[in-house]
Amino acid sequence: MDKTWNNKAWFMVLPVLVLVAFSAVIPLMTVVNYSVQDTFGNNQFFWAGIDWFNELLHSPRFWDALARNLIFSALVLAIQVPLGIFIALNMPKRGLGVPVCLVLMALPLLIPWNVVGTIWQVFGRVDIGLLGHTLDAMGIKYNYVQDPRAAWFTVVLMDVWHWTSLVVLLCYAGLVSIPDAYYQAAKIDGASRWSVFRFIQLPKMNRVLLIAVLLRFMDSFMIYTEPFVVTGGGPGNETTFLSIDLVKMAIGQFDIGPAAAMSLVYFLIVLLVSWVFYTVMTNYGQERTR
Amino acid sequence: MSNSGKTFTVERADIGATVPVASAERIALRRARRNAPRTAWLVPTIYIIFLLLPIYWLLNMSFKTNTEITSVFTLFPRNFTLHNYAVIFTDPSWYNGYINSIIYVVMNTAISVAAALPAAYAFSRYRFLGDKHLFFWLLTNRMAPPAVFVLPFFQLYSAFGLIDTHIAVALAHCLFNVPLAVWILEGFMSGVPKEIDETAYIDGYSFPRFFVRIFMPLIASGIGVAAFFCFMFSWVELLIARTLTTTAAKPISAIMTRTVSASGLDWGVLAAAGVLTIIPGALVIYFVRNYIAKGFALGRV
């Protein structure tokens, strides 16, 4: 759509600008302010320059949390994306099954995140949870409070349970937009199931898949509530991801300077990924109008 | 690579559409397509069972007595009880949590959608100085980790004396909900042809009258979807809501976490509280079922 040049449109954007400035820009300015200062309490601040950033980038604690978070995101993507595509391919295309599938699959997405944590905290317990009890009865040692591997297993499985549906729904939306004629043509050519997937379905899902990957990366990269409720970052620091570490630092220990520096580094990483996301979206928009 | 695949299929699709296929062959084709995925229903079914099992377990626990939960392992409640729900509905410290959550969530939804409507219109219809940067900047706020904002929010709202009020949480949640609403609404509005605007102006409609009378009904489903997602994301958020409240405006999610850490024993009530938080989403999900993917993808599917 060709848009007209009109700078008065700024007045329409103004309410949003004011609101977001209040809830994002001012807080971010505070963070920047803290990240370059040191304090001994009593609201007395000293210029600290880039000391906090220096400290942060040389602290193993930060790199460990970042590494754990990246491993977590990679694991989550590696499981959810193929699984989501597979389920979407097998979803019914018409009939009563469609709304039933959509509604039931979307259910985990709409549960408050701490309740997701609670559900899995209970579900995984050996004494009262179905999963824990079953694993225990099968003779598998499973204790997510003490065993790091069990904790990781629980957290990843919980995220798969929570978010795979998002990938499914996005892929499904891409799949139903493929006209029937494509499949008919493929049948006439005697195309195999695999080549239908490879040359028709996958290219058509291209963009939704990219959105799904980016959204899943962002959300898993800033995960806080669910693992916090289930494992509390433990055992030890085994499941302490970036957000958990940051909140621990800012609220628990009140190390404002380091926390602010970490916030900014964290935010920069997010900004980079957002930029990729935005470029993908706008490039596609131009292609569509052409 | 994907490009070559695309042209290949398009050509074939053209042939399929223009060259008449013998009707018998066509019927055979249709039958083949219908018969091929005979076991296909298995995959979604197994997946849905996997999704529902933990939810069922929570529901199951909420109808049990605490002694039954901790002493015996039962797949369904043996001594069916509504006691846990009764506790929640009679204890003000529990049901106030729900009221608090609903108050700030509704406030936030109203503010977000009201502010986003004109902005989304501007983005979908006009080009102006810095529009693309502004649109991108909004997205970064949607993507920002709430953990980054916890500390500054606490200090900002303390300075204004807004800690422990509903409006504080409602405003704080604007951080991610306003951008979300703008993006979703912009997606819907761009689907409405510009000629409609122009015709309305020629017919003598003023901008506000056109916007309310003609344009808003046209994107009614978009407004509904945006409102639903603002409601949902504000409802599921815990970290910011917990930080900005102490007692008077404490959301139900925060009350739940406190119960776990304090006693850790009242599993039945905890399960019942969890079940009750799922209900708002479960109630409206049917109406937005076709838009769920669109909403999560910020209106871009």
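Just so it is clear: chains get the letters A, B, ... in the order the sequence lines come, proteins before strands, and each one is counted from 1. Since this is a predicted model, take the numbers as computed values, not measurements.
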Answer with side chain, backbone, both or neither: which region of [X] has an atom nearer than 4.5 Å to a non-hydrogen atom of chain A?
X         : value
Tyr291(B) : neither
Leu134(B) : side chain
Tyr121(B) : side chain
Phe160(B) : side chain
Leu129(B) : both
Met143(B) : both
Leu58(B)  : side chain
Val288(B) : neither
Leu156(B) : side chain
Phe228(B) : side chain
Leu117(B) : neither

### Test side-chain contact (heavy atoms from CB on, under 4.5 Å) applied to Pro44(B) - qualifying residues, sequence neighbours left out
Asn90(A), Pro92(A), Cys101(A), Met105(A)
### Message
Check whether Trp161(A) reaches the backbone of Leu51(B) with its side chain - one donor and one acceptor, N or O, closer than 3.5 Å.
### Response
yes
#### Entry: Thr140(B) backbone acceptor or donor facing Trp275(A) side chain under 3.5 Å
no
### Check: Tyr47(B)/Ser165(A) side-chain N/O donor and acceptor closer than 3.5 Å
yes
Proximity breakdown for [X] and chain B, heavy-atom pairs closer than 4.5 Å:
X         : answer
Leu166(A) : side chain
Ile87(A)  : both
Thr164(A) : both
Val25(A)  : side chain
Ser274(A) : both
Leu19(A)  : side chain
Phe228(A) : side chain
Leu271(A) : both
Leu130(A) : both
Val103(A) : both
Asp127(A) : backbone
Tyr34(A)  : side chain

For chain A, which candidate among [options] shows the most heavy-atom pairs at distances under 4.5 Å?
options                                   : result
Phe50(B), Phe135(B), Trp235(B), Tyr286(B) : Phe50(B)
Asn141(B), Asn60(B), Leu139(B)            : Leu139(B)
Ile55(B), Leu52(B), Val150(B)             : Ile55(B)
Leu75(B), Val236(B), Ile69(B), Leu138(B)  : Val236(B)
Tyr126(B), Phe123(B), Phe153(B)           : Tyr126(B)

Mind listing the closest non-hydrogen atom pair of [X] and [Y] along with its distance?
X         : Y         : result
Met232(B) : Leu110(A) : CE-O, 3.1 Å
Asn7(A)   : Phe128(B) : OD1-CB, 3.4 Å
Trp120(A) : Pro54(B)  : CZ2-CG, 3.8 Å
Leu102(A) : Arg289(B) : CD1-O, 3.9 Å
Val13(A)  : Ala122(B) : CG2-CB, 3.8 Å

As an exercise: rank [options] by heavy-atom pairs under 4.5 Å with chain B and give me the winner.
options                                   : result
Thr30(A), Leu109(A), Val18(A), Leu89(A)   : Leu109(A)
Gly124(A), Ser243(A), Gly97(A)            : Ser243(A)
Thr225(A), Leu169(A), Val16(A), Leu214(A) : Val16(A)

### Query
Which of parallel (below 30°), tilted (30 to 60°) and perpendicular (above 60°) describes Tyr278(A) and Phe136(B)?
tilted
### Atom CZ of Phe267(A): over 12 foreign heavy atoms under 6.0 Å
yes
